Protein chains: 2
Amino acid sequence: MGLAERKERDKLELKKTILEAAQKMLLAHGQDGLSIRKIADEIEYSPATIYLYFADKDAILHELMEMGFGVMNEYMKDAFAQKDPIKRIHSIGHAYIRFGLENKDWYELMFNSDKPMKHIEKCCEDWDQGMAMFASLTETCRQAIEMHKMENVEEQILALQLWCSVHGLVNLALTERLEIVQQNNSQVLIEKTLDAIIHTIFKK
Amino acid sequence: MGLAERKERDKLELKKTILEAAQKMLLAHGQDGLSIRKIADEIEYSPATIYLYFADKDAILHELMEMGFGVMNEYMKDAFAQKDPIKRIHSIGHAYIRFGLENKDWYELMFNSDKPMKHIEKCCEDWDQGMAMFASLTETCRQAIEMHKMENVEEQILALQLWCSVHGLVNLALTERLEIVQQNNSQVLIEKTLDAIIHTIFKK
DNA sequence: AAATATAATAAACAGTGTTCAGTAAATAAT
DNA sequence: ATTATTTACTGAACACTGTTTATTATATTT
């Protein structure tokens, strides 16, 4: 059955080509500049062909989202490797923010857009990479709580507290709300705020 | 010149009618379901007419955003009236989150969408209501810092720390990221996280 | 009554996601 | 080798979107 297999490979091949064109467009023109017709144009197929490989646009955005987590993991690798849990939290925060600011379109897809989530609902899938990342953060928080002998602190709540802070910070920055409210150098402002967040939690 | 004035009034009248139809659509079907052609249909004018009253769709979304701040102010009124600055911060946080969760489409427009911001840039206007709200929060932080004799805490940074936390929390909830990561009752989770944020900052 | 200014629009342009009937080519069965 | 069937693909249409422009109808001035 070598023939059937080659066929299968060819199908995957075109699917990959579509996704590559989609990624190129996302990075060049953002989610708004990403259209199925333009993808079709780019890969020199008709728009209808794309629907033989993806259920709809949401499905494409979902796959792009998964690719985005791949990019993010690169940013987070070193941070998660840190031994000391509190230093690790600091590094994770920094890496998270840096990823967000440097990859607006990936970030949008992974943490804001409802379109990949719609696909997840439709197909009864999971937001598994997001869940995995949060689980890792929660585990780091557990270690930090243990190490610092913090009382009455739930690891889940602490993890969420950290996540929503950096998530909010990144979003305010990406949507131009920060620089309008405060003319200061945004980069420095963000840095100082992240430091403040972590310091207030783990102050000695 | 009573006639010219009546004309002027009539122009404002139709502008108001357009905005009312737009608001109705926003609340019924969200920003995606809000189209100029549907507004035109609703008010029984041609789409082109709307462009005699608004430069483009961004201008309409910007006016809606301003209306959104009106709605939000209702939510915040009691909170800002609190005497004790720390209780006030708590109340503001609660009111902010409640507003966000109960008014997804307003919130989106005010704090996430780039379209009203594009209009602000184009017309060299200000995000004045957003700035005013942040200024009030900053002033409350100044009072809290003074009262608690907190050292090495900048009011601006503290205000931003609070804002980005609740902003992040609201966004995670509105985009369905919360309930996926954590199956617990989201409402309770949010409540506990807000309490934790404020407790870690102002712990005795 | 004629000239002018105002208000509204029909129609077009260029784009979007998506569906479906139909075609051409490759494979399978006879 | 010829026919039948499956597979891969597409043209064209549908129902939308924001926006512009030339034109028309109405109202106001002269």
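Owing to the predicted nature of the structure, the values given are computational and were not obtained by experimental measurement. Below, read A as the first sequence line, B as the second, and so on, with proteins coming before strands; counting in each chain starts at 1. FYI, side chains are in, hydrogens and waters are out, and symmetry mates aren't considered; it's all heavy atoms of this structure.
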> Heavy-atom contacts under 4.0 Å between residues 16-29 of chain B and DNA chain D, which residues?
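Contacts with DNA chain D under 4.0 Å: none.
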> Where do S186(A) and L178(A) come nearest, in terms of heavy atoms and distance?
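S186(A) and L178(A) have their closest heavy atoms at OG-CB, 4.4 Å.
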> Could you give all pairs that pass the side-chain hydrogen bond (donor to acceptor under 3.5 Å, both in side chains) test and reach residues 14-26 of chain B, with sequence neighbours left out?
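Only K24(B)-E42(B) qualify under side-chain hydrogen bond (donor to acceptor under 3.5 Å, both in side chains).
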> For the residue pair H148(A) and F202(A), categorise the inter-ring angle as parallel (less than 30°), tilted (30 to 60°) or perpendicular (more than 60°).
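Ring orientation of H148(A) relative to F202(A): perpendicular.
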> Identify, with sequence neighbours excluded, every residue that meets side-chain hydrogen bond (donor to acceptor under 3.5 Å, both in side chains) alongside R88(B).
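side-chain hydrogen bond (donor to acceptor under 3.5 Å, both in side chains) list for R88(B), sorted by chain: T140(B), Q143(B).
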> Going 5' to 3' through nucleotides 12-23 of chain C, assign each nucleotide B (protein heavy atom under 4.0 Å from a base atom), S (under 4.0 Å only from sugar-phosphate atoms) or - (no protein heavy atom that close).
B---BBBBB---
> Tell me the closest heavy-atom pair linking G30(A) and D105(A), and the distance in Å.
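Scanning both residues completely, I find the closest heavy atoms to be CA-OD1, 3.4 Å.
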> Over how many whole Å does the gap from F54(B) atom CZ to dA8(C) atom P extend?
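Rounded to whole Å, this separation is 13 Å.
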> Any side-chain N or O of S46(B) below 4.0 angstrom from OP1/OP2 of dA8(C)?
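For S46(B), the contact criterion (side-chain N or O under 4.0 Å from OP1 or OP2 of dA8(C)) is not met.
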> Quick one: are L160(A) and K192(B) in side-chain contact, heavy atoms under 4.5 Å?
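A side-chain contact under 4.5 Å is absent here.
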> For DNA chain C, which residues of residues 112-119 of chain A approach it to below 4.0 angstrom with any heavy atom?
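Heavy-atom cutoff 4.0 Å gives no residues at all.
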> Starting at atom CD1 of I50(A), determine the distance to atom P of dA8(D), rounded to an integer number of angstrom.
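The distance from CD1 of I50(A) to P of dA8(D) comes to 16 Å, rounded to the nearest Å.
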> What residues form a side-chain hydrogen bond (donor to acceptor under 3.5 Å, both in side chains) with H167(A), not counting sequence neighbours?
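H167(A): side-chain hydrogen bond (donor to acceptor under 3.5 Å, both in side chains) contacts with Y107(A), N171(A).
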> Using whole Å, what does the distance between atom P of nucleotide dA7(C) and atom CD of E13(B) come to?
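Taking atom P of dA7(C) as the reference, CD of E13(B) is at 14 Å.
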> Using a heavy-atom cut-off of under 4.0 Å over every strand shown, decide if Y53(A) touches base, sugar-phosphate, or nothing.
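Contact class for Y53(A): sugar-phosphate only.
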> Apply ring-ring contact (aromatic ring centres under 6.0 Å, His included) to F134(A) and list each qualifying residue two or more places apart in sequence or on a separate chain.
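ring-ring contact (aromatic ring centres under 6.0 Å, His included) check on F134(A) returns W163(A).
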> To the nearest 0.5 Å, tell me how far Y53(B) OH sits from E63(B) CD.
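If I round to the nearest 0.5 Å, the distance is 14.0 Å.
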> If you look only at distance, which donor and acceptor atoms sit under 3.5 Å apart when one is on a side chain in residues 66-80 of chain B and the other is two or more places apart or in another chain?
{"residue": "N73(B)", "atom": "ND2", "partner": "F69(B)", "partner atom": "O", "Å": "3.1"}
{"residue": "Y75(B)", "atom": "OH", "partner": "E102(B)", "partner atom": "OE1", "Å": "2.6"}
{"residue": "Y75(B)", "atom": "OH", "partner": "N103(B)", "partner atom": "ND2", "Å": "3.1"}

> Can you give me the bend angle of the helix from dA1(C)-dT30(D) to dT30(C)-dA1(D)? Use the axis through the first five pairs and the one through the last five, nearest 10 degrees.
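So the angle between the two local helix axes works out to 30°.
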> Between E121(B) and K118(B), is there a side-chain N and carboxylate O pair less than 4.0 Å apart?
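No, no charged N to carboxylate O under 4.0 Å.
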> Can you tell me if the side-chain N/O atoms of T49(A) get under 4.0 Å from OP1 or OP2 in dC9(D)?
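So the side-chain polar atoms of T49(A) never come under 4.0 Å of the phosphate oxygens OP1 or OP2 of dC9(D).
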> L52(B) CG to dT24(D) P: how many Å, rounded?
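Nearest whole value for this atom pair: 18 Å.
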> Once salt bridge (charged side-chain N to carboxylate O under 4.0 Å, His left out) is applied, what residue pairs with a partner in residues 160-188 of chain A remain, sequence neighbours excluded?
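Sorted result for residues 160-188 of chain A: empty, none.
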> Not counting sequence neighbours, which residues clear side-chain hydrogen bond (donor to acceptor under 3.5 Å, both in side chains) with D56(B)? List them please.
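For D56(B) the side-chain hydrogen bond (donor to acceptor under 3.5 Å, both in side chains) partners, ignoring immediate neighbours, are K122(B).
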> Between Y45(B) (OH) and dG18(D) (P), how many Å, whole number?
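Roughly 20 Å, once rounded to whole Å.
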> What is the distance, to the nearest angstrom, from the CG atom on L14(B) to the C1' atom on dA7(C)?
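It is 10 Å, rounded to the nearest whole Å.
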> Using side-chain hydrogen bond (donor to acceptor under 3.5 Å, both in side chains) as the criterion, list what pairs up with E191(A), not counting sequence neighbours.
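side-chain hydrogen bond (donor to acceptor under 3.5 Å, both in side chains) list for E191(A), sorted by chain: H94(A).
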